[in-house]
Amino acid sequence: MRSTTIPFFISHQGCPHTCVFCDQRLISGAEGALPTTGQIEERIELWRATSENRPLEVAFFGGTFTALPKETQAKLLMPLQPLLDNGTLASVRISTRPDCIDAEQVAWLSKLGVRTIELGVQSMDDAVLASSGRGHLASASLSAIGCIKKLGVNLGVQLMPGLPGDTPVSSLHSLEQVIAAGADFLRIYPTVVLRGTELARRYLSGDFIPLSLGRGVSLCKLLLQRAMQAGVPVIRIGLQAEKGLDAEHVLAGCWHPALGQLVRSQMYSDLLWRFIPSGRSVTVSCHPTRLSDLVGMNRSNLLSQTGRGVQTKVALDATLHKEELKIKIEDKTAIYSIINDITYSIHEV
Ligand code: SF4
C-alpha cells in the first residue's frame, strides 16, 4: 500500500552554504522556522485522520537536516518515537547534502526511524559542482551513498541538469553514476534561475546560459528513459509549483509548472509519430493512469496527429503497463513502450 507523506519544510535551516542557484525560502515555499513538538504532533494527527489507514511517513524536506545541531535534530525526531513505536507512523524521511552525513549519523538516524535519506547530489562532475558553489566534490556523494546503502536505508538522489558548466553528456554521466552507486529513486530538477540568486546575477550579466524549456524537456526525456531502463523510479521531474515559486520568481531556465507531465507526454507523442504512418485511422490504448499523458496538454498530442492526417481514437486498457501504448491500425495491433521502442540521443538535446 502506498504511504502518505506528511511534509515539514525546514527551509534553509542547517545549511551553511549558498549554492549559486538556491533560494531555499522560495523552493520550499516556507520561511524557515522549525516546527515545534506541538506543531509536529498536531499535523500528524490532522493527516492521520484523512489517511484512510495508509502507512504514514513524516518527511523533513528542504534545508540540510544533518547539518542542524544534533540537539535540534533530536528535537524534531524525538516526538515521533512514540508514534513509530505504536504504529501510528511507519517511517521518517530526511533530506541532506552529501558532505553533511557519515556512517555514524546514518546509524543514529536509522535507530530513530529514518528509513529514507534524500541526497542533494545535483551533479557528479567536480567542475560543475565547483562552478555551482556546492562546496564538495563528487567523491563526497559516493562516500555518502556508500554509508546510506551499507546500513540498508532507502536512498533518493536529486540531480540538477543544466548547472553552470554542465552539458547533456555530464548530466547523463551523473545519472549513470548515481544509479550504478545504488540510488533507489531519483528526482530530476532541471536548473531554473530564481530572482535574487547568484545564478540570476550571472544570467543577467551574460555569464550563464540556462537550459531552455525545450532543451530541458529533451534532456529529461533522455534521462528519464535511461532511469526507466535501469529500473530506477524517477519520482519527480521539475520543482513543485507552489506559493513563492512561480513565473514571477523564475527569471529563466527550464521551468514549467507540470514539467514531469510535459516530459512523459512528449515521450508518448514520440511513440505515436514513430509508429503511426500519416493519413491513417488508428485506435491507441493506454493504461488508465496515463490518459492525460497520451492526449497531451490541451490535446496537443492528438492535434499534432490530426495535423498529419491521422484520425486517432483513444481507449483505456488496464492490462497495459504504464509505459506502454497499444496501437491498432486496421487489423494490425502492436504494443510499444517508451522505455525501449524509441531512442533518444544525447546529440539531439
Ligand atoms: S546546500 Fe541546499 S539549502 Fe544549502 S544553499 Fe545549497 S541548495 Fe540551498
Side-chain angles (χ1 to χ4, degrees), residues 161-162 168 171-172 175 186 188-190 192 211-241 247 253-349:
S171 286
L172 182 58
L175 179 107
L186 301 171
I188 300 175
Y189 294 148
V192 293
L211 275 179
S212 63
L213 180 61
R215 283 192 73 214
V217 168
S218 295
L219 180 54
C220 286
K221 288 196 290 187
L222 175 73
L223 299 176
L224 175 59
Q225 191 186 50
R226 292 298 168 91
M228 289 193 295
Q229 287 168 347
V232 177
V234 177
I235 65 165
R236 176 144 200 109
I237 298 178
L239 293 170
Q240 203 134 4
C254 180
W255 163 250
H256 188 283
L259 188 64
Q261 194 196 349
L262 193 60
V263 170
R264 279 193 310 274
S265 170
Q266 285 205 9
M267 293 174 84
Y268 290 109
S269 178
D270 294 340
L271 268 189
L272 300 180
W273 277 82
R274 167 93 173 76
F275 292 105
I276 302 175
S278 304
R280 308 296 286 271
S281 291
V282 299
T283 302
V284 181
S285 309
C286 67
H287 188 273
T289 60
R290 289 295 185 256
L291 178 61
S292 56
D293 292 335
L294 167 61
V295 169
M297 287 177 192
N298 303 317
R299 299 180 68 78
S300 55
N301 287 357
L302 301 187
L303 290 174
S304 74
Q305 292 304 315
T306 309
R308 58 198 286 259
V310 173
Q311 297 305 313
T312 314
K313 215 171 118 192
V314 171
L316 302 179
D317 183 342
T319 67
L320 291 170
H321 290 135
K322 289 178 182 174
E323 299 78 19
E324 291 176 336
L325 293 183
K326 187 164 75 183
I327 299 178
K328 183 169 184 284
I329 306 175
E330 291 166 6
D331 57 348
K332 283 200 182 127
T333 301
I335 293 176
Y336 303 102
S337 161
I338 56 173
I339 301 179
N340 296 312
D341 291 317
I342 24 174
T343 307
Y344 294 113
S345 157
I346 201 95
H347 307 294
E348 290 164 15
V349 176

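Both backbone and side-chain heavy atoms feed into the values below; hydrogens, waters and symmetry mates do not.
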Judged by atom type as modelled, is there a donor-acceptor pair below 3.5 Å linking the side chain of Asp293 to the main-chain atoms of Tyr268? no

Measuring from atom CD1 of Ile327 to atom SG of Cys286, what distance do you get when rounded to the nearest 0.5 angstrom? 11.0 Å

Knowing that exactly one of Ile237, Ile235, Val234 qualifies, which makes a side chain to side chain contact (heavy atoms under 4.5 Å, CB included) with Leu186? Val234

How about Leu320 and Leu325: do any of their side-chain heavy atoms sit closer than 4.5 Å? no

Measuring from Cys254:SG to Ile188:CD1, what's the distance to the nearest 0.5 Å? 11.0 Å

Which pairs with one or both residues in residues 308-319 pass side chain to side chain donor-acceptor pair (under 3.5 Å), sequence neighbours excluded? Gln305-Arg308, Asp317-Thr319, Asp317-Lys326

Sorted by chain and residue number, the ring-ring contact (aromatic ring centres under 6.0 Å, His included) partners of Tyr336 (sequence neighbours excluded) come out as Phe275

Got Leu259 and Leu213 here, is their nearest side-chain heavy-atom distance under 4.5 Å? yes

Student check: side-chain heavy atoms of Ile329 and Pro277 closer than 4.5 Å: yes

Is there a side-chain contact between Arg290 and Arg264 in this structure, where contact means two heavy atoms from C-beta onward sitting under 4.5 Å apart? yes

Is any side-chain heavy atom of Thr333 closer than 4.5 Å to one of Thr283? no

With sequence neighbours excluded, tell me which residues meet salt bridge (Lys or Arg N to Asp or Glu O under 4.0 Å) with Arg215. none

Heavy-atom nearest pair, Cys220 first then Val263, reads CB-CG2, 3.7 Å

Side-chain heavy-atom pair Asn301, Val295 within 4.5 angstrom cut-off: no

How long is the gap from CD on Glu323 to CD1 on Ile335, to the nearest 0.5 Å? 12.5 Å

Minimum heavy-atom distance Pro233-Gly231, with the two atoms named: CD-O, 3.6 Å

Separation between CD (Gln266) and OG (Ser304), nearest 0.5 Å, reads 10.0 Å

Less than 4.0 angstrom from a charged side-chain N to a carboxylate O is my criterion; do Arg280 and Glu330 meet it? yes

Considering only residues two or more places apart or on different chains, which pairs with a residue in residues 338-349 satisfy side chain to side chain donor-acceptor pair (under 3.5 Å)? Asp270-Tyr344

So side chain to side chain donor-acceptor pair (under 3.5 Å) across residues 222-233, not counting sequence neighbours, yields Glu176-Arg226

Considering only residues two or more places apart or on different chains, which pairs with a residue in residues 287-324 satisfy ring-ring contact (aromatic ring centres under 6.0 Å, His included)? none

Nearest heavy-atom pair of Pro161 and Leu223: which atoms, and what distance? CG-CD1, 3.8 Å

With heavy-atom distances below 4.5 Å as the criterion, would you say the side chains of Pro168 and Leu222 are in contact? no

Nearest 0.5 Å please: distance from the CG atom of Leu302 over to the CG atom of Leu294. 6.0 Å

So do the side chains of Leu219 and Ser171 get within less than 4.5 Å of each other, counting heavy atoms only? yes

